[in-house]
Amino acid sequence: MAITYNDGLEIDDGIRLVSVNNGAAIASINSRDATLPDRFTAFLNWFQESGEALDKEDPTKKKADESITLNDWKPWLEKRVALCEKACEQVDAMFGEGLCRKAFQCDVPDESTIMELIDGLIPFVNRAFEERGKRIAVKYDKKRKGGRTQRGKAELIADYKAEHGE
């Protein structure tokens, strides 16, 4: 028969919640997710590169000397919406399902709105990972009780003399 320990184990899950637009949405930052910094950086690079590529296709840049019709704008606008939709999917995957929709009350916020959200989250992401770094530093500090050290003979003698007043 198995014995169950009901007093449980509490472990900090690393989740930090950030209220967006006075609580209209909640961004969830998981500082225990080792992939988040890489995904966040990859997202920023991808979004910037995609925005620059889209900007080059702007109909006003392609046909500056001619009159531009709605038919000229349609393919560009479709690409822009697709870019924003994909960006929202990635933001939601990093910070919580439905974050973009809840934060901005629309299906597809524009690229400047998405970047405003990302820029606003950067300090919170940094803070979450700084807390994580401090927690790890304390947990694995060699000077804590029971901490393992690899010190040489001279360091051990010096520590002994310092403790015993010699």
Side-chain angles (χ1 to χ4, degrees), residues 2 4-141 144:
T4 303
Y5 297 108
N6 291 324
D7 46 348
L9 173 64
E10 293 287 327
I11 297 176
D12 179 8
D13 60 7
I15 303 292
R16 303 298 180 258
L17 303 176
V18 179
S19 175
V20 179
N21 287 347
N22 294 321
I26 302 293
S28 175
I29 301 169
N30 187 346
S31 66
R32 300 279 177 140
D33 181 354
T35 68
L36 183 60
D38 287 337
R39 290 186 299 138
F40 190 66
T41 303
F43 168 78
L44 290 174
N45 291 335
W46 167 81
F47 198 50
Q48 180 179 355
E49 291 166 5
S50 299
E52 289 169 358
L54 186 64
D55 191 46
K56 290 177 185 174
E57 296 182 28
D58 184 332
T60 59
K61 293 182 180 177
K62 291 176 121 180
K63 297 175 78 174
D65 58 339
E66 300 176 32
S67 62
I68 299 171
T69 67
L70 285 176
N71 288 334
D72 295 323
W73 280 105
K74 188 172 173 68
W76 184 83
L77 291 171
E78 289 171 351
K79 288 179 183 178
R80 181 174 176 242
V81 168
L83 171 68
C84 294
E85 286 174 335
K86 187 169 182 173
C88 283
E89 288 172 12
Q90 291 184 33
V91 168
D92 288 355
M94 286 186 287
F95 300 110
E97 192 60 39
L99 175 62
C100 289
R101 180 183 248 287
K102 292 174 190 171
F104 303 112
Q105 302 297 311
C106 63
D107 290 333
V108 185
D110 66 15
E111 59 274 23
S112 65
T113 303
I114 295 167
M115 275 314 298
E116 185 179 340
L117 174 63
I118 293 299
D119 286 343
L121 286 174
I122 288 173
F124 296 103
V125 170
N126 288 339
R127 185 187 315 169
F129 280 91
E130 284 171 9
E131 288 173 7
R132 180 182 176 274
K134 288 177 185 175
R135 192 172 52 248
I136 288 172
V138 168
K139 185 175 183 177
Y140 295 105
D141 184 5
R144 69 178 169 79

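Starting from 1, each residue takes its place in the sequence as its number. Quick caveat, the model's predicted, so the values are computed rather than measured.
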For a 4.5 angstrom cut-off between non-hydrogen side-chain atoms, does [X] reach [Y]?
X: T113; Y: D110; answer: yes
X: K86; Y: W46; answer: yes
X: T60; Y: W73; answer: yes
X: M115; Y: L44; answer: yes
X: F95; Y: V18; answer: no
X: Q105; Y: N21; answer: no

Distance in Å, [X] [atom1] paired with [Y] [atom2], rounded so as to fall on 0.5 Å steps:
X: I114; Y: C84; atom1: CD1; atom2: SG; answer: 4.5 Å
X: E89; Y: E97; atom1: CD; atom2: CD; answer: 9.0 Å
X: K102; Y: C100; atom1: NZ; atom2: SG; answer: 11.0 Å
X: L99; Y: R101; atom1: CG; atom2: CZ; answer: 12.5 Å
X: L121; Y: F40; atom1: CG; atom2: CZ; answer: 6.5 Å

Review point. If you look only at pairs with a residue in residues 6-31, which of them pass as a ring pair (Phe, Tyr, Trp, His ring centres under 6.0 Å), with sequence neighbours excluded?
Key: none
Check your understanding: Which residue pairs pass the ring pair (Phe, Tyr, Trp, His ring centres under 6.0 Å) test with at least one member in residues 117-136, sequence neighbours excluded?
Key -> none
Practice item. Can you sort out the partners of A128 under side chain to side chain contact (heavy atoms under 4.5 Å, CB included), two or more places apart, ordered by chain and number? Key: R16, I29, S31
Exercise for review: Name all residues meeting the side chain to side chain contact (heavy atoms under 4.5 Å, CB included) criterion together with E85; count only those two or more places apart in sequence or in a different chain, and write none if there are none.
Suggested key: V81, V108
Review point. Are there more than 12 heavy atoms of other residues, nucleotides or ligands under 6.0 Å from atom CD of E116?
Key: no
Review point. Backbone N or O of D12 within a donor-acceptor pair of the R32 side chain at under 3.5 Å?
Key: yes
Over all heavy atoms of both residues, which pair between [X] and [Y] is shortest? Give the atoms and the distance, please.
X: D13; Y: I15; answer: OD1-N, 3.0 Å
X: P123; Y: G120; answer: CD-O, 3.3 Å
X: S19; Y: G23; answer: OG-N, 2.9 Å
X: A87; Y: F47; answer: CB-CE1, 3.5 Å

Exercise for review: Could you tell me whether E78 and K74 make a salt bridge, using a distance below 4.0 angstrom between a side-chain N and a carboxylate O?
Suggested key: yes
Exercise for review: Given salt bridge (Lys or Arg N to Asp or Glu O under 4.0 Å), test E52 with K56 step by step and report yes or no.
Suggested key: CA-CA 6 Å; E52 289 169 358; K56 290 177 185 174; over 6 Å; no
Practice item. Can you sort out the partners of F104 under ring pair (Phe, Tyr, Trp, His ring centres under 6.0 Å), two or more places apart, ordered by chain and number? Key: none
Study note, to complete from the structure: side chain to side chain donor-acceptor pair (under 3.5 Å) filter on S28, not counting sequence neighbours, yields none
